[in-house]
Amino acid sequence: MLDARFIRENLELVESRLKSRGTGIELDGFRQLDTRRRELMQESESLKALRNKVSDEISKVKDKSLVQDRIAEMRDVSQKIKSLDDELRGIDEEFDTFLLTVPNIPHHSVHVGASEADNVEIRKWGEKPEFAFEPKPHWELGESLGILDFERGAKLTGARFTLYRGAGARLERALINFMLDLHTGTHGYQEILPPFIVNKESMTGTGQLPKFEDDLFRIDGLDYFLIPTAEVPVTNIHRGEILKGADLPICYTAYTPCFRKEAGSYGKDTRGLIRQHQFNKVELVKFTRPADSYSELDALLGNAEEVLRRLGLHYRVVELCTGDIGFSAAKTYDIEVWLPGQATYREISSCSNFEDFQARRAGIRFREDEKAKPEFVHTLNGSGLAVGRTLVALLENYQQEDGSVLIPAALQPYMGGMERVGK
RNA sequence: GGAGAGAUGGCCGAGUAGGUCGAAGGCGCUCGCCUGCUAAGCGAGUAUACUGGGAAACCGGUAUCGAGGGUUCGAAUCCCUCUCUCUCCGCCA
């Protein structure tokens, strides 16, 4: 959420920056609501001031019969206040809804562009593996090895659900543990295991609501939702809190399953594990001082990259342009891993700085020291990494001509010493 | 699922025959004084949001005693709804 005062005082700037994302802003509507809101507020509050003053005087008079006329007068004032407040409530609601549906302003360093095609490649790590044979896509490898069962996943639930079996299930679990150990050990994050179902306030705090309800699984009859990412519960840990400056940055990592409806992606990535309604992810989340958030973003990105380096998987880092960054983000880097079975790079992590956009929605502040005014923190997060897609990358990159798959050394301790998945 | 208790400021904890309560007291914290250090002692201060004025320091207004409604000239205090916490019973991984 943007600061209403900031919008009011920087109308043109806000308009042009949002335009670069491809989203407009209804400035006239905002101006009208904002003006009317403040008019009503002033009128109502000055009447309240009068009522408070007179009520105070009435309280000092013992014989109330002497002040009957004043009481009657205040009865009318109260009626007037009530009707003003009723109107104000409506305006406030519209005003809040408006603010909650305006996306974040991109950081000035973000390249202006219309779509994915305008994203900028920042760097590459490693090399594409070479094969003396035609590399297969992971769904063929997974099925022939008996570790991924797409048919039974669909039987149990429906499309975009998969059953893992044997070494496949073990490999997924190994990746989760490997990532968590790396982030908690070497990178210094604290491990969190949050609820996988959250309420409406949490979804609003990070920006999924009110605009993107169609992407969420909702619990019937309740304002509860299955989390689409650990970002939601983990960022909302500190909703409504004032943190101590000395405690910043706060760095959390969490493994959770993620649930997404994938509305509007019919026909896309229908085969394999790439796009599932339920997938596993290890997430990294930071709360930082505003001045530190961009260096912390670089560090977070590096922490996510480290997972791929240790697994020996070739990847590139892409900086998203203004037209491609998400609703809440001010700046985003995607890490894309090489998938030889499909001869393409696929997103395996997305690392963003939300600046104070989520912090303002969720009321997450800090006080630099005892005397300082509370300020909004900056929130950041990134996948570290998407586990299912990491498994995909392992299968496709480490596949052998005989259909078996080698397990990289870093992962072997988590696989009970297993060096290869074969039939 | 059944029965009961409770939710007050950073923390603890007063406050229910409605008014002088943004809220006693204590702790903590900040600043100052004092004591050769520490401790103790003394004094002052110590919420947030919105809003009006001001270049600013700051000054004024409104709201906030779990949340939302209601009664009243006036509500932390009365009424209704909801949420959460705790205790006991039942059930259960």
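Throughout, a chain's letter reflects where its sequence line sits, starting with A, and its residues are numbered from 1. Everything numeric here is computed off the predicted structure, so don't read it as measured data.
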So does [X] get a side-chain nitrogen or oxygen closer than 4.0 Å to the phosphate oxygens (OP1/OP2) of [N]?
| X | N | result |
| --- | --- | --- |
| A:Asn199 | B:U83 | no |
| A:Arg5 | B:C50 | yes |
| A:Arg38 | B:U51 | no |

Are the charged groups of [X] and [Y] less than 4.0 angstrom apart, N to O?
| X | Y | result |
| --- | --- | --- |
| A:Arg89 | A:Glu93 | no |
| A:Glu296 | A:Lys286 | yes |
| A:Arg8 | A:Asp34 | yes |
| A:Arg365 | A:Glu241 | no |

Taking atom [atom2] of [N] as reference, at what distance in whole Å does atom [atom1] of [X] sit?
| X | N | atom1 | atom2 | value |
| --- | --- | --- | --- | --- |
| A:Leu40 | B:G52 | CG | C1' | 15 Å |
| A:Ile242 | B:G10 | CD1 | C1' | 10 Å |
| A:Arg89 | B:G68 | CZ | C1' | 9 Å |

- Message: On the side chain of A:Gln42, is there an atom forming a donor-acceptor pair with the base of B:G52 - under 3.5 Å, no angle test?
- Response: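 Answer is no: no donor-acceptor pair is held.
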
- Task: Identify whether any heavy atom of A:Asp56 sits under 4.0 Å from a base atom; if not, whether one sits that close to sugar-phosphate; answer base, sugar-phosphate or nothing.
- Result: nothing

